[in-house]
S.K.: 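Pasting a structure here, questions to come.
All heavy atoms count here, side chains included; hydrogens, waters and symmetry mates do not.
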Amino acid sequence: MSFPLLTVTAAVPAVGAILTAAVPAARRTAAKWLALLVSLATLVLAAVVWAQFEPGGDRYQLTESHSWIKDFGVRYELGVDGIGVALIALTALLIPFIVLAGWHDADPLETSSKRWRPTQGFFALILMVEAMVILSFEATDVFLFYILFEAMLIPMYFLIGGFGDRAHAGSDENAAAQRSYAAVKFLLYNLVGGLIMLAAVIGLYVVAGNFSLTEIAEARANGSLEMATSTERWLFLGFFFAFAVKAPLWPLHTWLPNAMGEATAPVAVLITAVVDKVGTFAMLRFCLGLFPEASKWATPAIVVLALISIVYGALLAVGQRDIKRLVAYASISHFGFIILGIFAMTTQGQSGATLYMVNHGISTAALMLVAGFLISRRGSRLIADYGGVQKVAPVLAGTFLIGGLATLSLPGLAPFVSEFLVLVGTYARYPVAGVIATTGIVLAALYTLVLYQRTMTGPVKEEVRELPDLRVRELAVVVPLIAVLIFLGVFPKPLTDVVNPAVQHTMSDVQQKDPQPEVEAAK
């Protein structure tokens, strides 16, 4: 039996979570270092997965398959394609920075014994989420994926509801009520989506007789599995609804601003840069892979919803007074771009969408974590409470600006490549949609530059006059993220080489080819 690399990659953070939770209460620092070391070990394993993956090889590689629930045909079945490899790498890369950024977020508050925070539990929950997300990118059994898709809600619920933003530390009761509301809303939205998906999963089993993604695809290819058009469409809608909630896509997005606003900055990054990517990834792997005809049938409606997400999210970001909610609405706009690229049904669009998942994760992490450092110093999330920060903390302001410029997809930074590919791929098949989507770029420039102008420039407000600049630990978080943004902005080839073959397989699933450009014949 070959070495189960995929299982080990997911098992290391899972075991690390258990060990971190078991650290004695008085050894908080030891728990932090253990969580950091485990996350770094997972990053090394993700790098090995990347190195072992052959872009020109089989579609699913490093496969594992074992019987799990034999009576129902459920198997523990793993395998990765280029898209899964890229997202595993993103997850493993971000978690160490999330741990470092949240180093003191779960320390006990000296002002009130009632607000004591179990540090070990905070970092254990982060590692458990990492394990489930990585395994969800590896699962090729639909039922196994569903279990992971739902199970990751539990640690996320406690991270949002139990470890809130310290900007609310002065109003315990109100802050606790807001955190509880955000956590419950997050859980209910995603549980409803998951229950609808469960019905679709059962329906798929009734039709196909198993849960294996590869076996179902082979059966459809050789004609041994026939699915009625109406059945396929209903099953597609069941899966897509759950993924659209997770993504999130308008109008199922309203839980995200609450969750990101009330969570700590590292947990907010975990939500939008890591967990939400499971939704868009699943659209590519399961919606397009299992239901190609239904995917093409639903494409016009989904393109419209994606465009609404792009424009609506950007417009609401422009009007925000809360820094973290601004980033949340900007993320809704960015997820609109990702979904638009997926359902443009072109190689450029889907390659750009996959790159966007990775690049959005890195850029959002950079911006949100720097914003979290700023908020922790001032104790407020309101934009109006800042001004002139660049004069007292120039390094903080500079890194905040780079994170913001990446968010608006400035050329030379990683998100530009992915956004350009999405727009080109969309315009090739849906010119009007491509033109409308470009308004998101203009609005992104507006909300990003206005945010920077109001917080970092102008007269120095008295409340920020003594703000310290970034410390060594904080620089260790931000500088590598900025370096990756610049590297992938000028040289995205290592990522595109891994992603493009998987995109070709997805295009083959839906039997689509890129539109040929219209060229006028010479007279």
Side-chain angles (χ1 to χ4, degrees), residues 93-94 96-105 165-167 260 264-266 268-269 273 317-318 320-328 330-331 359-416 444-490:
L93 174 67
L94 291 182
F97 299 120
I98 289 172
V99 171
L100 267 179
W103 201 254
H104 298 299
D105 285 358
D165 189 347
R166 294 214 170 190
M260 289 184 66
T264 65
V269 171
V318 171
Q320 288 304 305
R321 297 180 297 173
D322 183 309
I323 296 174
K324 291 171 71 177
R325 289 179 69 91
L326 185 151
V327 178
S331 291
N359 295 333
H360 168 263
I362 299 169
S363 62
T364 299
L367 179 61
M368 179 59 86
L369 292 179
V370 176
F373 297 147
L374 177 66
I375 291 168
S376 67
R377 286 159 163 74
R378 173 67 175 84
S380 173
R381 301 181 341 217
L382 297 179
I383 297 172
D385 288 340
Y386 297 88
V389 174
Q390 66 181 13
K391 297 178 182 177
V392 297
V395 177
L396 188 154
T399 53
F400 189 82
L401 177 61
I402 296 174
L405 293 176
T407 298
L408 62 83
S409 300
L410 183 77
L413 296 174
F416 169 76
L446 180 60
Y447 63 68
T448 300
L449 296 178
V450 168
L451 171 64
Y452 183 84
Q453 182 264 330
R454 291 179 177 174
T455 56
M456 301 296 167
T457 65
V460 180
K461 288 202 171 184
E462 191 63 33
E463 294 83 359
V464 304
R465 192 171 297 279
E466 302 299 325
L467 286 185
D469 214 333
L470 293 182
R471 303 179 180 90
V472 174
R473 173 180 61 85
E474 295 165 337
L475 286 171
V477 172
V478 178
V479 171
L481 292 174
I482 291 175
V484 174
L485 286 173
I486 296 172
F487 175 77
L488 292 178
V490 299

S.K.: With a 3.5 Å distance limit and no angle check, can you tell me whether Lys391 reaches the backbone of Pro459 through a side-chain donor-acceptor pair?
M.R.: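 The answer is no, because no donor-acceptor pair under 3.5 Å joins these two groups.
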S.K.: Can you tell me how far apart CG (Leu446) and CG (Leu408) are? Round to the nearest 0.5 Å.
M.R.: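 Result: 10.5 Å between the selected atoms.
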S.K.: For Leu100 versus Arg473, what's the shortest heavy-atom pair and its separation?
M.R.: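 Taking every non-hydrogen atom into account, O-NH1, 2.7 Å.
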S.K.: How many angstroms lie between OG1 in Thr455 and CD1 in Ile323, if you round to the nearest 0.5 Å?
M.R.: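 The distance works out to 6.0 Å.
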S.K.: Could you state the interatomic distance from CZ (Arg471) to CG (Leu396), rounded to the nearest 0.5 Å?
M.R.: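 Between atom CZ of Arg471 and atom CG of Leu396 there are 10.0 Å.
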S.K.: Check whether any side-chain heavy atom of Val395 lies under 4.5 Å from a side-chain heavy atom of Val478, and answer yes or no.
M.R.: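 Val395 does not reach Val478 side chain to side chain.
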S.K.: Measuring only between side-chain heavy atoms, which start at C-beta, is Leu405 closer than 4.5 Å to Phe416?
M.R.: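 A side-chain contact under 4.5 Å is absent here.
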S.K.: I want to check something: taking the side chain as every heavy atom from C-beta on, are Ile383 and Asp322 in contact at a cut-off of under 4.5 Å?
M.R.: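 Counting from C-beta outward, Ile383 and Asp322 never come under 4.5 Å.
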S.K.: Could you check whether any side-chain heavy atom of Lys324 comes within less than 4.5 Å of a side-chain heavy atom of Met368, counting everything from C-beta outward?
M.R.: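 With C-beta onward as the side chain, the pair touches.
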S.K.: Which distance, rounded to the nearest 0.5 Å, do you find between the CD of Glu474 and the CG of Leu374?
M.R.: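 Rounded to the nearest 0.5 Å, the CD-CG separation comes to 10.5 Å.
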S.K.: Heavy atoms, side chains only, cut-off 4.5 Å: are Leu451 and Phe400 in contact?
M.R.: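 Contact flag for Leu451/Phe400 side chains = yes.
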S.K.: Between Thr364 and Gly361 (side chain of the first, backbone of the second, donor and acceptor by atom type, cut-off under 3.5 Å), is there such a pair?
M.R.: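 Not a single qualifying donor-acceptor pair exists.
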S.K.: Kindly compute the distance separating CZ (Phe373) from OG1 (Thr399), expressed to the nearest 0.5 Å.
M.R.: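 It is 8.5 Å, given to the nearest 0.5 Å.
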S.K.: Does the Arg378 side chain pair with the main chain of Asp385, one donor and one acceptor, at a distance under 3.5 Å?
M.R.: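 The answer is yes, because a donor-acceptor pair under 3.5 Å joins these two groups.
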S.K.: If I take atom OG1 from residue Thr448 and atom CG from residue Leu326, how far apart are they, to the nearest 0.5 angstrom?
M.R.: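 Between Thr448 OG1 and Leu326 CG, I get 7.0 Å after rounding to 0.5 Å.
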S.K.: Considering residues, nucleotides and ligands other than Arg465, do more than 12 of their heavy atoms fall under 6.0 Å from its CZ?
M.R.: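 Atom CZ in Arg465 is packed in, count exceeds 12.
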S.K.: Which heavy atom in Ala393 sits nearest to a heavy atom in Pro468, and how many Å separate them?
M.R.: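 Looking at all heavy atoms of both residues, the shortest contact is CB-O, 4.1 Å.
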S.K.: So do Leu481 and Leu94 actually touch side chain to side chain, heavy atoms under 4.5 Å?
M.R.: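 The answer is yes, as the side chains (C-beta and beyond) meet within the 4.5 Å cut-off.
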S.K.: Side chain to side chain donor-acceptor pair (under 3.5 Å) for Tyr447 and Gln320? Distances and angles first, verdict last.
M.R.: CA-CA 9 Å; Tyr447 63 68; Gln320 288 304 305; over 6 Å; no
S.K.: Kindly give the heavy-atom pair with the smallest separation between Pro415 and Ala406, and that separation in Å.
M.R.: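 Residues Pro415 and Ala406, closest heavy atoms: CG-O, 3.2 Å.
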S.K.: Please give me the minimum heavy-atom distance between Ser331 and His360, naming the atom from each residue.
M.R.: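 Closest approach of Ser331 to His360, heavy atoms only: OG-NE2, 3.3 Å.
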S.K.: Looking only at non-hydrogen atoms, find the nearest pair between Val392 and Pro394 and report the distance.
M.R.: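 So the two residues come closest at C-CD, 3.6 Å.
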S.K.: Write down the atom of Val477, the atom of Pro480, and the distance for their closest heavy-atom approach.
M.R.: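 That closest heavy-atom pairing would be O-CD, 3.7 Å.
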S.K.: Tell me if a side-chain donor or acceptor on Arg377 pairs with a main-chain N or O of Asp469 at a distance below 3.5 Å.
M.R.: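 Yes: the side chain of Arg377 pairs with the backbone of Asp469.
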